[in-house]
**Student:** 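Below are the structure tokens for one structure; questions will follow.
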Protein chains: 4
Amino acid sequence: MAYFVIDESRLYLDERLMMEEKLGTSKRERILSAAISVLAERGFHRTKIKDIAQEAGVADGTIYLYFKNKDHLLIDLFEEVMSRALNLFEEALKDKERADQQLEAFLLTHLRIVELEPEVAQIISVVLRQSETFIGEYKNPFFSEYLNIIAKILKQGMETGVFRADISIPIISRAIFGAMDELALAWLLSNKREDEVLEMAAQDVVTLLLDGLQIQSSE
Amino acid sequence: MAYFVIDESRLYLDERLMMEEKLGTSKRERILSAAISVLAERGFHRTKIKDIAQEAGVADGTIYLYFKNKDHLLIDLFEEVMSRALNLFEEALKDKERADQQLEAFLLTHLRIVELEPEVAQIISVVLRQSETFIGEYKNPFFSEYLNIIAKILKQGMETGVFRADISIPIISRAIFGAMDELALAWLLSNKREDEVLEMAAQDVVTLLLDGLQIQSSE
Amino acid sequence: MAYFVIDESRLYLDERLMMEEKLGTSKRERILSAAISVLAERGFHRTKIKDIAQEAGVADGTIYLYFKNKDHLLIDLFEEVMSRALNLFEEALKDKERADQQLEAFLLTHLRIVELEPEVAQIISVVLRQSETFIGEYKNPFFSEYLNIIAKILKQGMETGVFRADISIPIISRAIFGAMDELALAWLLSNKREDEVLEMAAQDVVTLLLDGLQIQSSE
Amino acid sequence: MAYFVIDESRLYLDERLMMEEKLGTSKRERILSAAISVLAERGFHRTKIKDIAQEAGVADGTIYLYFKNKDHLLIDLFEEVMSRALNLFEEALKDKERADQQLEAFLLTHLRIVELEPEVAQIISVVLRQSETFIGEYKNPFFSEYLNIIAKILKQGMETGVFRADISIPIISRAIFGAMDELALAWLLSNKREDEVLEMAAQDVVTLLLDGLQIQSSE
DNA sequence: CATGAATGAGGATTCATTCAT
DNA sequence: CATGAATGAATCCTCATTCAT
């Protein structure tokens with residue numbers, strides 16, 4: 001007899017899954033995507049859980065099935081986004097051999113990502129830093145993976161004689177990140193009007209850095 | 001005899017001022033100073049007006065006699081602090097003639113300020129950006145004065161043949177600010193343990209920048 | 001078998017509704033009822049949202065799910081109560097044909113409502129006018145529906161020759177409302193001790209009004 | 001020697017007194033006058049002590065030298081204003097002998113006062129009732145003097161056979177006050193545009209009342 | 001008497017989070 | 001898993017009142 005009883009929850013689940021597959025998005029992804037859009041526009045404290053839920057088309061409570069709380073939604077979001085970015089970096093670097101070429105590719109990729117996904121960039125450059133919890137909990141591994149890539153490039157460059165070796169890798173890595181991040185921020189806050197500038201910016205910084213990193217003959 | 005009549009109201013005023021001078025603080029300054037200390041420690045949203053009031057030894061309401069609201073306390077604080085910093089920069093640059101010397105002095109001064117007043121630095125590098133209102137209202141003139149100084153040095157350097165002229169001044173200015181700010185932030189978040197590193201950091205960045213900015217002979 | 005499967009979500013809904021019906025109150029009605037009781041006792045500004053919430057047995061925040069804010073709680077309350085009163089007036093008038101009978105019935109009904117629901121009367125005669133917002137937003141349609149009923153009776157009375165026609169309907173309507181409202185207020189502020197007086201008051205005013213409204217033979 | 005010492009406070013006092021005499025106003029009167037103006041415009045709770053002080057040209061604290069607190073400023077204001085009004089009523093009635101003439105004069109005077117001093121009227125009809133304290137403390141002697149005048153006229157009218165004697169004097173007095181007050185309120189809230197209407201209103205109400213109060217021959 | 005800087009109690013409102021359904 | 005009604009802690013700011021001058 002039981003065979004004829006329709007399990008509604010399952011039915012709905014199937015329907016839901018079908019709908020989601022159609023949209024190509026799991027519920028978690030829908031929430032993350034909604035969060036990116038709303039957070040980028042309004043900032044952390046002006047964004048309400050309800051806003052994200054509405055944008056994602058789910059109930060408020062649903063968000064708590066996928067994320068521990070508002071702060072951790074941001075943290076998870078960051079990790080997700082960062083891992084995507086790291087893949088892009090890896091992709092961009094894999095066919096470059098010389099360290100200077102790698103550095104150039106890396107910096108260009110950074111700004112290209114900013115241009116292609118300004119909302120994600122806005123979150124990384126602005127929103128993350130609005131959450132006291134994020135700042136507090138992420139002190140150490142903040143952007144360590146990102147920094148690692150630069151550090152690796154610098155190290156390889158020094159070892160292969162492409163870059164000077166008389167400067168500190170962690171410090172220069174950090175400085176490079178800061179420079180790129182600030183350029184991205186300036187572009188984001190300027191309403192992204194000067195579209196091409198960002199590419200040009202990269203060129204100038206690359207020029208400056210590569211020359212500065214060159215082994216200095218006489219001095 | 002009238003000459004000897006003491007104007008009491010004036011006496012009291014003087015006494016009050018003397019007392020304040022002894023403490024080195026008007027009430028407004030006491031509040032600002034308390035705000036710096038508390039904000040640097042807890043961040044913008046975790047800092048309650050009551051916290052600042054207690055630290056300053058005044059009543060909550062007193063804060064509103066001197067500042068429009070919590071956001072504007074931060075804004076006023078920023079302006080006060082920024083103008084002090086600009087004076088220090090001016091001081092540091094006034095006896096340097098060559099642009100490269102000026103740039104070096106400027107960058108060293110930046111990090112020296114961070115070391116001397118880490119709380120102020122913390123506010124500028126971290127807390128300001130936690131206030132959506134600050135970000136919103138300060139989009140344009142954000143750190144424009146700071147950027148102007150770098151830009152002026154770069155311009156002079158290019159005109160006097162000390163610096164290469166084939167790169168964009170606004171972009172490089174911005175990048176330099178970002179680099180310095182990030183170094184400061186890293187030091188601040190690392191609990192300021194590696195005290196000397198900051199000075200050394202400056203040296204490495206200065207080296208890199210000056211060499212990068214040099215007119216490149218062969219290329 | 002599927003026919004017999006109980007839809008649980010619906011069941012729970014029903015149970016909740018049943019429970020509420022048992023108490024005769026949806027949550028919104030519970031809040032309104034609590035508001036009437038507390039507001040009537042303490043007045044608008046002495047009534048705290050927390051007081052109403054406690055009286056209604058809900059959390060403070062729940063009130064804001066049903067009402068925009070404290071002022072609009074009062075406005076919604078007024079509209080609810082006014083529409084109930086208008087129904088009672090309609091009921092009382094429907095089987096009266098002659099205008100003088102209608103006027104008498106109307107005035108008696110007014111004071112009867114005051115006696116039956118003194119808290120509601122207190123709110124209309126006293127509390128509403130304590131809210132600057134209510135006064136401001138309700139200038140025009142203040143008690144217009146109430147006034148309309150009187151005006152209609154007067155008009156019919158004049159047309160059918162029951163009432164004199166040499167006086168202004170809007171003015172007399174207003175004056176009648178003022179007279180009734182003041183009697184109600186006096187009774188309410190006197191702690192409702194002189195219970196029968198209100199009925200008697202009606203009789204005297206009715207007598208006076210009907211004679212005053214009569215067509216005067218010689219003059 | 002003391003003779004030559006200039007007592008500044010006395011000097012200032014004299015100057016102040018002179019100034020006040022010139023303006024014809026004591027400080028207390030200036031405050032009351034300012035209060036009337038500000039209270040009438042903004043209502044009780046929207047009026048801040050600071051507003052009144054500014055309008056009066058005195059310091060906030062000065063108000064507390066003349067009035068116990070904000071609520072009692074309103075109470076004192078009411079008493080001052082009421083006593084002025086009672087004088088006007090007395091004046092208007094003193095040469096009328098017959099009760100019906102007195103009643104007519106009284107009602108006309110009421111509305112005339114409203115027209116001449118709309119701010120005072122606004123305070124009596126609107127502002128007083130916004131103060132929970134006023135309502136609470138003034139329950140009994142609310143407008144008793146005003147009511148007494150009407151009652152006296154009614155009594156005399158009944159005794160001299162001008163008015164019918166089969167109705168309750170307190171009730172009719174109250175009703176008359178309510179009617180007049182409501183007409184005044186309607187006019188005040190309508191932005192006082194229909195200037196002449198108020199006089200006409202009086203006529204209609206007088207007509208109605210006098211006829212209603214007439215001894216009814218046949219009934 | 002007059003001042004007005006300082007006080008600090010007080011409360012409406014928001015919103016992240018929970019949990020019964 | 002999903003919902004969204006309900007919760008209630010948490011806080012900025014106002015403003016009547018005081019009192020040292």
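What's counted below: heavy atoms across the whole structure, side chains too, no hydrogens, waters or symmetry copies. Naming convention: chains lettered A, B, ... in sequence-line order (proteins, then strands); numbering from 1 in each chain.
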**Student:** In whole angstrom, give the distance that lies between atom CD1 of C:Ile52 and atom P of E:dT13.
**Tutor:** 11 Å
**Student:** For A:Phe67 and E:dT18, what is the distance between atoms CZ and P respectively, to the nearest whole Å?
**Tutor:**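 That distance rounds to 16 Å.
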**Student:** Pick the closest DNA chain F nucleotide for C:Val58 and for B:His45 by heavy atoms, then say which residue is nearer the 5' end.
**Tutor:**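 Its nearest nucleotide being more 5', the pick is C:Val58.
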**Student:** Could you tell me whether the side chain of A:Lys48 and the main chain of A:His45 form a donor-acceptor pair under 3.5 Å?
**Tutor:**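 The answer is yes, because a donor-acceptor pair under 3.5 Å joins these two groups.
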**Student:** Does a side-chain heavy-atom distance below 4.5 Å link A:Leu39 with A:Leu77?
**Tutor:** yes
**Student:** I'd like to know if the side chain of A:Lys68 and the backbone of A:Leu65 have a donor-acceptor N/O pair within less than 3.5 Å.
**Tutor:**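 No, A:Lys68 side chain to A:Leu65 backbone: no donor-acceptor pair under 3.5 Å.
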**Student:** May I have the distance from C:Asp60 (atom CG) to E:dT14 (atom P), rounded to whole angstrom?
**Tutor:**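 Those two atoms, CG and P, are 13 Å apart.
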**Student:** Can you work out whether A:Lys68 or C:Lys68 has the more 5'-proximal nearest nucleotide on DNA chain E?
**Tutor:**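 By nearest-heavy-atom nucleotide position, the 5'-most residue is C:Lys68.
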**Student:** Quick check: does any side chain N or O of A:Arg30 sit under 3.5 Å from a backbone N or O of A:Ala56, one acting as donor and the other as acceptor?
**Tutor:** yes
**Student:** Verify the contact: side-chain N or O of D:Tyr64 to OP1 or OP2 of F:dC19, cut-off strictly under 4.0 Å; return yes or no.
**Tutor:** no
**Student:** Given that B:Gly57 and C:Phe44 both sit by DNA chain E, which one's nearest nucleotide is further toward the 5' end?
**Tutor:**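 It is B:Gly57 whose nearest nucleotide is closer to the 5' end.
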**Student:** Which is true for B:Ile49 with a 4.0 Å heavy-atom rule: it touches a base, it touches only sugar-phosphate, or it touches nothing?
**Tutor:** sugar-phosphate
**Student:** Does C:Glu55 use its side chain to pair, donor to acceptor, with the backbone of C:Ile36 at less than 3.5 Å?
**Tutor:**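 Here the side-chain-to-backbone pair does not exist.
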**Student:** Whole angstrom is fine here: how far is it from CD1 in D:Ile63 over to P in F:dC15?
**Tutor:**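 Nearest whole value for this atom pair: 15 Å.
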**Student:** Is there a side-chain contact between A:Arg28 and A:Phe67 in this structure, where contact means two heavy atoms from C-beta onward sitting under 4.5 Å apart?
**Tutor:** yes
**Student:** Between C:Lys50 and B:Leu65, who's closer to the 5' end of DNA chain F by nearest nucleotide?
**Tutor:**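 Of the two residues, C:Lys50 wins.
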**Student:** Output the rounded distance in Å from CZ (B:Arg30) to P (E:dA5).
**Tutor:** 16 Å
**Student:** Can you tell me if the side-chain N/O atoms of A:Lys70 get under 4.0 Å from OP1 or OP2 in E:dT17?
**Tutor:** no
**Student:** Does B:Tyr66 reach a base, just sugar-phosphate, or nothing at all? Heavy atoms under 4.0 Å.
**Tutor:** sugar-phosphate
**Student:** Round to the nearest Å and state the distance from C:Gln54 atom CD to F:dG8 atom C1'.
**Tutor:** 12 Å
**Student:** Just N and O in the side chain of C:Lys27: are any of them under 4.0 Å from OP1 or OP2 of F:dA5?
**Tutor:** no
**Student:** Just how far, in rounded Å, is P of F:dC1 from CZ of A:Arg28?
**Tutor:** 12 Å
**Student:** Is there a donor-acceptor contact under 3.5 Å from the side chain of C:Glu29 to the main chain of C:Ser26?
**Tutor:**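 Confirmed, C:Glu29 side chain pairs with C:Ser26 backbone.
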**Student:** When Watson-Crick pairs (N1 to N3 and N6-O4 or O6-N4) and G-U wobble pairs (N1-O2 and O6-N3) count only below 3.5 Å on both distances, what is the dot-bracket string of DNA chain E, with | for other-strand pairs?
**Tutor:** .||||||||||||||||||||
**Student:** Quickly work out the D:Asn69 CG to F:dA16 P distance and round it to whole Å.
**Tutor:** 11 Å
